[in-house]
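Accompanying notes for the structure given below.
Position 1 is the first residue of the sequence, and the numbers go up from there.
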Amino acid sequence: MLCLTTRWVPWSDENPQDRLRTILDLDIPGIILSSEDPLDQWSMLAREITGSRHSLPAATAPVPEKPFLPRQLRRLPRLDAIEESEAKAARSVTLSALAHCRDLGIPALILTPSLLPQESDRASLLSRQQQWQKVKFRCENAVTPGDVESAAAAEIQIGKERADYQRFLKVWHKQLLPIRSRRDALFKNLDPLLNEADRCQVTLLIRESSDPWNPLARDEMAAVFQTFSGAPMRFLFDPAAESRCRDLLAKELDAPSPVPDQDPAGMVLGDFNAGGEETLPGHGLYNPKSLFFGEEAAFSYPLHILDPAPGPNPGDFPETIELCRNLGIDGAPPPEPGEPWIIF
């Protein structure tokens, strides 16, 4: 089933009905609640989504109602946090979301992978990576078709620039907390959440991270499923995130990391723009065919999820839906138009 998360249109306390109508009018059959949707509004959202003959196959663990750190903005706490106040906030909001899923009949809860820790200078990594990419593209574009000498010169220059960027990465990486510590923290927090998910009969969907050195990055994911074998959780395959992760490591020429030995619950149909923001497939840096037709790709997954950040126009979606159908990954057709209905 083709799905769309509500993240595309930011939450508005003033006009929730307009926001929901904008999302539902796209006639994508599955709607997934995003981390921006307040828990106290889930009941209303679920009623209106299912009342409009759309499906609600999953929700995303939300941002807490109040900041969990003094004098800080509201944000999604990390389940791999070492600091106990953040870890406690992550557990608490996820437990509350599981209870809401149970009460509303939502079968799955998506855990959003954390970004690199705030204590790391993530901005400097992204800035330096963009600088390396610009130089690489400039060298590639300077090659004259059929000119062996210009191609060889570009290859040498790209090799030098890649080595320089990888030296930066080696130094930059030293400021991060050891991934083993973050993995231990993640496992400690997942344990009670999976016990509660089992009681609620809700499946946790573990989405892979687009950041390297992350316990939920693709190359680390096998350890998660091995540790919690038999628990009510499934892998959410995100080819664009894995490609983005390799790009940040300057390993874009390497083969994609293998997926865990576990039947995925779905695939995120995404892309990344030059600024690192998630967008619709075909609207960013990656070729959809190369992303979604790898050896590990499967089109029998229950969910195929569009999860763009705010930015795409409503007029961009028909083209995306057509692309998904042409690639054979659209899932079920949109719902048949029903009688006019009123949101509130």
Side-chain angles (χ1 to χ4, degrees), residues 5-7 10-11 13 16 32-47 56-120 122 177 179-209 211 214-216 220-221 223-225 227-228 231-236 265 307:
T5 70
T6 59
R7 180 168 75 133
W11 175 263
D13 289 326
I32 293 176
L33 303 183
S34 75
S35 60
E36 285 195 353
D37 294 314
L39 268 176
D40 61 2
Q41 298 294 321
W42 277 25
S43 179
M44 177 274 294
L45 292 167
R47 182 180 67 249
L56 182 56
T60 309
V63 174
E65 294 182 6
K66 297 179 180 179
F68 57 85
L69 292 175
R71 298 180 296 279
Q72 296 289 327
L73 297 175
R74 290 173 62 249
R75 65 175 175 85
L76 196 65
R78 302 187 307 268
L79 281 167
D80 61 347
I82 305 296
E83 206 279 320
E84 180 54 30
S85 64
E86 182 172 1
K88 182 179 179 180
R91 291 192 301 269
S92 177
V93 73
T94 308
L95 289 170
S96 296
L98 283 169
H100 277 70
C101 286
R102 176 199 61 207
D103 295 343
L104 297 171
I106 302 173
L109 181 69
I110 298 172
L111 297 185
T112 302
S114 61
L115 299 175
L116 291 165
Q118 282 193 326
E119 53 265 35
S120 67
R122 189 169 191 270
L177 290 170
I179 192 168
R180 179 180 298 177
S181 299
R182 295 177 62 198
R183 187 190 302 117
D184 290 346
L186 173 68
F187 289 178
K188 178 182 176 181
N189 289 322
L190 272 180
D191 195 42
L193 296 178
L194 287 166
N195 287 335
E196 184 63 20
D198 192 38
R199 284 191 289 269
C200 292
Q201 296 296 292
V202 174
T203 301
L204 289 181
L205 303 187
I206 311 297
R207 180 174 175 177
E208 60 181 309
S209 175
D211 275 359
N214 189 305
L216 290 182
E220 296 286 336
M221 195 72 78
V224 178
F225 285 95
T227 301
F228 296 100
M233 68 178 188
R234 296 180 70 184
F235 177 56
L236 194 56
D307 183 34

So do the side chains of [X] and [Y] get within less than 4.5 Å of each other, counting heavy atoms only?
X: L98; Y: L204; result: yes
X: L104; Y: L56; result: no
X: S92; Y: P64; result: no
X: L216; Y: M221; result: yes
X: D307; Y: R207; result: yes
X: P232; Y: V202; result: no

Check your understanding: Going through the distances and angles, do T6 and E36 end up as a side chain to side chain contact (heavy atoms under 4.5 Å, CB included)?
Key -> CA-CA 8 Å; T6 59; E36 285 195 353; over 6 Å; no
Exercise for review: Mark yes or no for whether N189, through its side chain, and A185, through its backbone, hold a donor-acceptor pair below 3.5 Å.
Suggested key: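 Here the side-chain-to-backbone pair exists.
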Review point. Under 3.5 Å, is there a donor-acceptor pair between the side chain of R7 and the main chain of S34?
Key: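 The answer is no, because no donor-acceptor pair under 3.5 Å joins these two groups.
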Check your understanding: If you look only at pairs with a residue in residues 88-102, which of them pass as a salt bridge (Lys or Arg N to Asp or Glu O under 4.0 Å), with sequence neighbours excluded?
Key ->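 Output for this query lists E84-R91.
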Specify the closest pair of heavy atoms between [X] and [Y], including all atoms of both residues, with the distance to one decimal.
X: L186; Y: P215; answer: CD2-CB, 4.0 Å
X: T203; Y: M233; answer: CG2-CA, 3.9 Å
X: A59; Y: W42; answer: CB-CH2, 3.5 Å
X: P62; Y: D37; answer: CB-O, 3.8 Å
X: A97; Y: L39; answer: CA-CD2, 4.0 Å

Review point. Going by distance alone, is a donor N or O of one side chain under 3.5 Å from an acceptor N or O of the other, for S35 and T60?
Key: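 No, no side-chain donor-acceptor pair sits under 3.5 Å.
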**Study point:** Verdict with supporting geometry, N214 and R182, side chain to side chain contact (heavy atoms under 4.5 Å, CB included)
**Key:** CA-CA 8 Å; N214 189 305; R182 295 177 62 198; 3.8 Å; yes
Within this structure, what is the [atom1]-[atom2] distance for the pair [X] and [Y], rounded to the nearest 0.5 Å?
X: S181; Y: D80; atom1: OG; atom2: CG; result: 10.5 Å
X: I110; Y: I32; atom1: CD1; atom2: CD1; result: 4.5 Å
X: L111; Y: L205; atom1: CG; atom2: CG; result: 8.0 Å
X: D40; Y: S96; atom1: CG; atom2: OG; result: 11.5 Å
X: T5; Y: L33; atom1: OG1; atom2: CG; result: 9.5 Å

Review point. Which residues satisfy the side-chain hydrogen bond (donor to acceptor under 3.5 Å, both in side chains) test with E83, sequence neighbours excluded?
Key: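 Only S85 meet the side-chain hydrogen bond (donor to acceptor under 3.5 Å, both in side chains) criterion with E83.
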Point to revise | Salt-bridge present (E86, R78; N to O < 4.0 Å) | key: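 A salt bridge is present here (some side-chain N lies under 4.0 Å from a carboxylate O).
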Exercise for review: Please lay out, stage by stage, how L79 and L193 fare under the test side chain to side chain contact (heavy atoms under 4.5 Å, CB included).
Suggested key: CA-CA 10 Å; L79 281 167; L193 296 178; 3.7 Å; yes
